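A short write-up of the structure that comes next.
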Amino acid sequence: MRTRPHLAAIGTRFSPAPEADFADTLLAGLRAEPKRIACKYFYDAEGSRLFEKICALPEYYPTRIELALLNAHASEMAALMGPNAEIVEFGAGAAEKIRPLLRAANEPHAYVPIDISGPYLHAIAERLRCDFPALTIRPIVADFTRELAIPASAARRVGFFPGSTIGNFEPEEARTFLATAARLLRGGGLLIGVDLVKDPAVLHAAYNDAAGITAAFNKNLLARANREADANFDLSAFSHYAFYNPQAQRIEMYLMSRWAQRILICGRAIGFAEGEAIHTENSHKYTVDGFRALASSAGFTPRAVWCDADRLFSIHWLEAG
Ligand code: AVI
């Protein structure tokens, strides 16, 4: 992204963050008041593996419902995308959700998956090339939360941003990201998955699964600090804590120190009081109208919306006039 949303404390998800700045960022975040670690650091190889397991959990409904919506409505979505479109996917991940759209699309000009992890992205592109031999695939290795440099194209450009990753942006960051996307996609549009406000019990279960995978995913930040930043965290000395904040309409995730302790990162000491927490993630939930208003304020014209019968998850088609 050329004009970037500056992702400060609680940034967005996506693939491994650049390794070089991890130790410095970690130290700065743990010296801050209150303590924090940006959620983009979840996604090293182990964190990505754990996230895939989260997506398959019975309690974690977003992945399952979004995929069902894409499968059920792919032809309507493809019709809105139009023929010969260049489809740009932001943070392509495993690129599974694009498949129903690619099958339904009318002779797409190209598929342009963007992800920060080069080897991962090229492996995905290879797999898709086998399954869609007629499709032009042009992967771009980039952290799209920082920079969106996509080569100019004469084709109508449409974006695809599934998974409600937009929920991991703070609302102002989300508006900035959407405004940049609206400029990039002018003349086309954006298909975006957005998790909805709902019964807090459903949300609580999704972020506190019985198998403890989300807890392991959260604690992997500490394990990663031990692996990459010469830290000495004892994982059993921290608890996973996630709850729904109804006024902010978001899940907040923390790692809570079970007792007073001192840890070392690259030889520098960080003290924790008993019960002191590290803020690791916000996952914002939207109403359909609330998200449409946000998209409008960023320069999109909201058009179609698809929701499941229980209104747990939504996919929006936003036109970029
Ligand atoms: C990637 N992102 C949309 C997930 C979410 O639900 O906010 C990350 C996640 N955190 C805990 N579980 C899943």
Side-chain angles (χ1 to χ4, degrees), residues 5 7 9-17 36-44 46-67 69-70 89-97 114-117 120 143-145 160-171 173-174 177-178 192-198 200 202-224 239-245 248-256 277-286 291 312-316:
L7 302 173
I10 305 297
T12 51
R13 132 175 158 76
F14 304 107
S15 312
R36 63 206 180 202
I37 304 177
C39 68
K40 68 178 181 179
Y41 291 107
F42 281 135
Y43 301 93
D44 65 350
E46 176 61 6
S48 302
R49 189 189 69 79
L50 288 165
F51 182 64
E52 276 182 30
K53 287 182 85 172
I54 288 175
C55 292
L57 287 168
E59 297 98 328
Y60 195 75
Y61 58 87
T63 312
R64 206 170 41 253
I65 294 180
E66 186 176 44
L67 206 48
L69 288 171
L70 288 166
E89 179 166 1
F90 301 109
E96 282 309 311
K97 292 175 185 165
I114 308 178
D115 202 281
I116 200 170
S117 166
Y120 194 58
D143 177 354
F144 74 84
T145 65
F160 182 49
F161 192 22
S164 199
T165 299
I166 193 79
N168 297 132
F169 290 72
E170 293 309 299
E173 295 169 350
F177 169 79
L178 289 169
I192 180 167
V194 181
D195 198 9
L196 296 177
V197 166
K198 60 182 61 65
V202 175
L203 287 166
H204 187 269
Y207 292 83
N208 291 278
D209 59 284
I213 308 297
T214 309
F217 173 73
N218 200 7
K219 286 190 184 189
N220 179 55
L221 280 173
L222 305 181
R224 180 174 181 184
S239 325
H240 164 74
Y241 183 55
F243 68 94
Y244 183 63
N245 174 341
Q249 299 194 323
R250 67 189 190 199
I251 287 281
E252 296 181 14
M253 217 155 81
Y254 295 87
L255 287 162
M256 198 169 280
I278 309 170
H279 191 181
T280 55
E281 187 179 59
N282 285 329
S283 188
H284 292 263
K285 310 304 168 189
Y286 288 90
F291 187 74
L312 297 182
F313 199 88
S314 60
I315 300 179
H316 298 245

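One-based numbering, in listed order, for ligands and for the atoms of each. By convention here, the first residue in the shown sequence is residue 1. Only a predicted model underlies this, so the values are computations on that prediction, with no experimental measurement involved.
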Could you check, using the six-membered ring where one of them is a Trp, whether Y207 and Y241 have ring centers closer than 6.0 angstrom?
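Between Y207 and Y241, the centre distance exceeds or equals 6.0 Å.
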
Closer than 4.0 Å to some heavy atom of [X] - which atoms of ligand 1 meet that?
X: S283; value: 5 (C), 6 (O), 7 (O)
X: G163; value: 3 (C)
X: S164; value: 3 (C)

Tell me, with the steps shown, if V194 and F161 meet side chain to side chain contact (heavy atoms under 4.5 Å, CB included).
CA-CA 9 Å; V194 181; F161 192 22; over 6 Å; no

Whether G167 lies under 4.0 Å from ligand 1, heavy atom:
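False for this residue.
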
With side chain to side chain contact (heavy atoms under 4.5 Å, CB included) as the criterion, how do S314 and F291 come out once you've worked through the C-alpha distance, each side chain's angles and the decisive distance to 0.1 Å?
CA-CA 10 Å; S314 60; F291 187 74; over 6 Å; no

Between [X] and ligand 1, is there a nitrogen or oxygen pair with a distance under 3.5 Å?
X: Y43; value: no
X: Y207; value: yes
X: E281; value: yes
X: T165; value: no

Salt-bridge present (R49, E52; N to O < 4.0 Å):
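Answer for the salt bridge query: no.
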
If you count heavy atoms of other groups shown closer than 6.0 angstrom to NZ of K53, is the number above 12?
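At most 12 heavy atoms, drawn from other residues, nucleotides or ligands, come within 6.0 Å of this atom.
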
What part of N168 sits under 4.0 Å from ligand 1 if we count only heavy atoms: the side chain, the backbone, both or neither?
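Contact part for N168 vs ligand 1: side chain (C-beta onward).
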
Report the C-alpha separation of E170 and N282 in whole Å, then their side-chain angles, then the decisive distance to 0.1 Å, and conclude whether the side chain to side chain contact (heavy atoms under 4.5 Å, CB included) test is met.
CA-CA 8 Å; E170 293 309 299; N282 285 329; 3.1 Å; yes

Tell me the nearest of Y60, F42, F51, F217 to atom 6 (O) of ligand 1, using heavy-atom distances.
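Closest candidate by heavy-atom distance is Y60.
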
Is there a donor-acceptor contact under 3.5 Å linking the side chains of E252 and N245?
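The criterion, which ignores hydrogens and geometry beyond distance, is satisfied for N245 and E252.
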
